[in-house]
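To start, the structure itself, in structure tokens.
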Amino acid sequence: MKWEVFRGDITGLEVDAIVNAANKSLLGGGGVDGAIHRAAGPEFKEACRKLGGAETGEAKLTGGFDLPADYVIHTVGPVYRDGKHGEPEKLKDCYRNSIKVAKENGIRSIAFPAISTGIYGYPIEEASEIATRTVYELTKDDNTIDKVLFVAFDDKTESVLSDKLEKLYREEND
Ligand code: AR6
């Protein structure tokens, strides 16, 4: 199957690209961002500095340096307030722009963390619906990307992402 839920640490994945849930500085932080920066090493930090930050919903590329992944796609998720301040569209932009960057760079396998659902507070149900549907629609008829991993770091995220993917498959076969 092209789309799978993977339970574990994104920094260990041997895929063409992992996506980072960064902040606008693109210079590192906590959560998955901190883990990626620790694992990718000092040259990675230098490459991030050259990106000059990003706006919410944008996506930018660096190499993976000390990571097993060849590339890191840095995207900035929205901080969740109440869902009525453009958060869904911004979160969609993160997935859309990450896929766009991947396709432009010949990336065939990509792993996404659950963007915005940690420190940025996006409810996991809504965020997972957006993540799976947006990526599925953009990759189902595409021959560039042949593997997408949705990475879950905890039980709840794993079960919600799995449910959302199954729902998409059911819809497709109805
Ligand atoms: N591998 C996979 N997933 C992880 C890992 C990991 N090693 N570590 C955490 N997660 P978060 P956000 C999960 O908070 O909500 C940073 O400070 C985590 O359990 O990392 O987009 C940035 O610099 C959750 O499911 O990102 C920003 O300031 C998901 O990754 C801010 O946090 C996202 O949680 C971004 O907040």
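One-based numbering along the sequence shown. Whatever order the structure lists ligands and atoms in, that order sets their numbers, starting from 1.
Ranking the protein heavy atoms by distance from atom 26 (O) of ligand 1 puts A21 CB, 3.9 Å first. Closest to atom 14 (O) of ligand 1 among all protein heavy atoms lies I119 N, 2.8 Å. The closest protein non-hydrogen atom to atom 15 (O) of ligand 1 is G118 N, 2.8 Å. Residue, atom and distance of the protein heavy atom nearest to atom 17 (O) of ligand 1 are G30 N, 2.7 Å. For atom 22 (C) of ligand 1, the closest heavy atom belonging to the protein is D33 OD2, 3.5 Å. The nearest protein atom to atom 36 (O) of ligand 1, hydrogens excluded, is given as Y120 CG, 3.4 Å; this is a heavy-atom distance. Nearest protein heavy-atom contact of atom 21 (O) of ligand 1 is S116 N, 2.8 Å. Atom 1 (N) of ligand 1 has as its closest protein heavy atom I10 N, 3.0 Å.
Close contacts of ligand 1 with G29, meaning ligand atoms under 4.0 Å from a residue heavy atom, involve 17 (O), 23 (O). Under a 4.0 Å criterion applied to the non-hydrogen atoms of T117, ligand 1 contributes the atoms 15 (O), 24 (C), 25 (O), 29 (C). Near A114, with a cut-off below 4.0 Å to any heavy atom, the atoms of ligand 1 are 25 (O), 29 (C), 33 (C). Counting the atoms of ligand 1 from 1 in the order shown, those under 4.0 Å from a heavy atom of G8 are 1 (N), 2 (C). Residue contact check: D9 has heavy atoms under 4.0 Å from atoms 1 (N), 6 (C), 7 (N) of ligand 1. Contact atoms of ligand 1 toward V151: 2 (C) (distance under 4.0 Å to a heavy atom of the residue).
Counting non-hydrogen atoms of other residues, nucleotides and ligands closer than 6.0 Å to NZ of K100 gives a total of 12 or fewer.
Using a 4.0 Å cut-off between heavy atoms, F153 contacts ligand 1 through its side chain alone, with no backbone atom that close. For V32, heavy-atom contacts with ligand 1 shorter than 4.0 Å involve the backbone as well as the side chain. Only the side chain of A35 comes within contact range of ligand 1, with a heavy atom under 4.0 Å; no backbone atom does.
Grouping Ile, Leu, Val, Met, Phe, Trp and Tyr residues whose side-chain heavy atoms lie under 4.5 Å apart, directly or via other members, places I18 in a hydrophobic cluster with F6, I10, L13, V15, V32, I36, F44, F65, L67, V72, L149, V151.
Taking Y136 as the reference, W3, K140, L168, Y169, E172 meet the side chain to side chain contact (heavy atoms under 4.5 Å, CB included) condition, with sequence neighbours excluded.
Nearest heavy-atom pair, A102 versus I110, reported as atom, atom and distance to 0.1 Å: CB-CD1, 4.0 Å. Summarising the geometry of A114 relative to I124, their closest heavy-atom pair is CB-CD1, 4.5 Å, with the distance given to 0.1 Å.
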Begin with the C-alpha distance, continue with both residues' side-chain angles, and end with the deciding distance and a verdict on side chain to side chain donor-acceptor pair (under 3.5 Å) for T157 and D154.
CA-CA 6 Å; T157 304; D154 57 76; 2.9 Å; yes
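R96 has a carboxylate O that lies under 4.0 Å from a charged side-chain N of E89, or vice versa, which qualifies the two as a salt bridge. Taking 4.0 Å as the cut-off between side-chain N and carboxylate O, R133 and E171 count as a salt-bridged pair. With respect to the salt-bridge test (charged N to carboxylate O, under 4.0 angstrom), the residues D16 and R108 do not qualify. Between K167 and E129 there is a salt bridge, with a side-chain nitrogen of the basic residue lying less than 4.0 Å from a carboxylate oxygen of the acidic one.
Summarising the geometry, atom CG belonging to L91 is positioned 5.0 Å from atom CD1 belonging to I130; distances are rounded to the nearest 0.5 Å.
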